Amino acid sequence: EMTSQPFISMEMARAHLRVDYPQSTDDLDLEEKVRQACDIIRDYLHLGENAYIDSNGNVDVPAHVEAATLLVLGNLYADRESADPITKGV
């Protein structure tokens with residue numbers, strides 16, 4: 001379960017990873033990877049749990065934060081069996 005608002009939607013994640021299966025148990029792994037990618041970006045940018053959420057609860061994530069999250073997600077997803085999932089390029 002995601003505890004903070006993710007920077008990207010599951011639809012964005014699936015499209016970026018070219019995952020075209022219907023929603024299934026594999027989504028649990030993908031949701032976890034999205035959470036991890038968001039946490040990595042949140043930590044790197046020193047953002048709080050509710051970054052980019054206004055007082056009305058609307059989310060407006062800047063495009064560069066979405067792009068960075070997708071970049072990290074792609075790396076986490078591609079190397080999910082690796083002991084060191086983040087490469088120096090990320």
Side-chain angles (χ1 to χ4, degrees):
E1 181 179 321
M2 291 186 192
T3 58
S4 58
Q5 184 68 35
F7 295 146
I8 58 173
S9 67
M10 286 295 290
E11 292 76 23
M12 289 174 70
R14 282 191 205 99
H16 179 72
L17 300 172
R18 293 184 171 86
V19 175
D20 59 0
Y21 57 82
Q23 191 170 9
S24 69
T25 57
D26 290 336
D27 269 357
L28 295 175
D29 181 53
L30 185 55
E31 285 177 7
E32 179 65 12
K33 297 294 182 241
V34 168
R35 186 193 60 76
Q36 291 169 350
C38 291
D39 286 349
I40 289 168
I41 297 302
R42 188 175 282 108
D43 288 347
Y44 183 80
L45 296 176
H46 306 287
L47 300 172
E49 289 294 314
N50 295 319
Y52 309 121
I53 300 176
D54 67 19
S55 60
N56 295 323
N58 299 315
V59 179
D60 187 19
V61 179
H64 68 279
V65 174
E66 288 179 348
T69 305
L70 290 169
L71 178 66
V72 171
L73 173 65
N75 200 287
L76 289 171
Y77 192 80
D79 294 332
R80 53 193 180 276
E81 302 298 323
S82 174
D84 185 21
I86 304 296
T87 64
K88 291 181 183 184
V90 173

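Model, not experiment: these values are computed from the prediction. Keep in mind that the numbers below use all heavy atoms, side chains included, and drop hydrogens, waters and symmetry copies. When a residue number appears, it is its place in the shown sequence, counting from 1.
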### Task
Among V61, T69, L47, find the residue that satisfies the side-chain contact (heavy atoms from CB on, under 4.5 Å) test when tested with C38.
T69
### Query
Which heavy atom of L73 sits nearest a heavy atom of A37, and at what distance?
N-CB, 3.8 Å
#### Entry: Point-to-point distance, once rounded to the nearest 0.5 Å, from CG of L17 to NZ of K33
11.0 Å
### Query
Excluding sequence neighbours, so at least two apart, what forms side chain to side chain contact (heavy atoms under 4.5 Å, CB included) with N56?
D54, N58
### Query
Taking all atoms of both residues into account, what is the closest heavy-atom pair of V72 and I41, and its distance?
CG2-CD1, 3.8 Å
## Note on the structure
CG (L30) and CZ (R35) are apart, to the nearest 0.5 Å, by 12.5 Å
### Query
From Q36 CD over to L76 CG, what is the distance, rounded to the nearest 0.5 angstrom?
5.5 Å
#### Entry: Interatomic spacing from CG in D29 to CD in E31 - rounded to 0.5 Å
10.0 Å
### Query
Looking at residues at least two apart in the chain, or sitting in another chain, which of them share a ring-ring contact (aromatic ring centres under 6.0 Å, His included) with Y44?
none
### Message
The criterion is side chain to side chain contact (heavy atoms under 4.5 Å, CB included); which residues satisfy it with I53, sequence neighbours excluded?
### Response
Q5, N50, V59
### Query
Taking C-beta and beyond as the side chain, do R14 and D27 meet within less than 4.5 Å on heavy atoms?
yes
## Note on the structure
So OH of Y52 and CD of E66: to nearest 0.5 Å the spacing works out to 10.5 Å
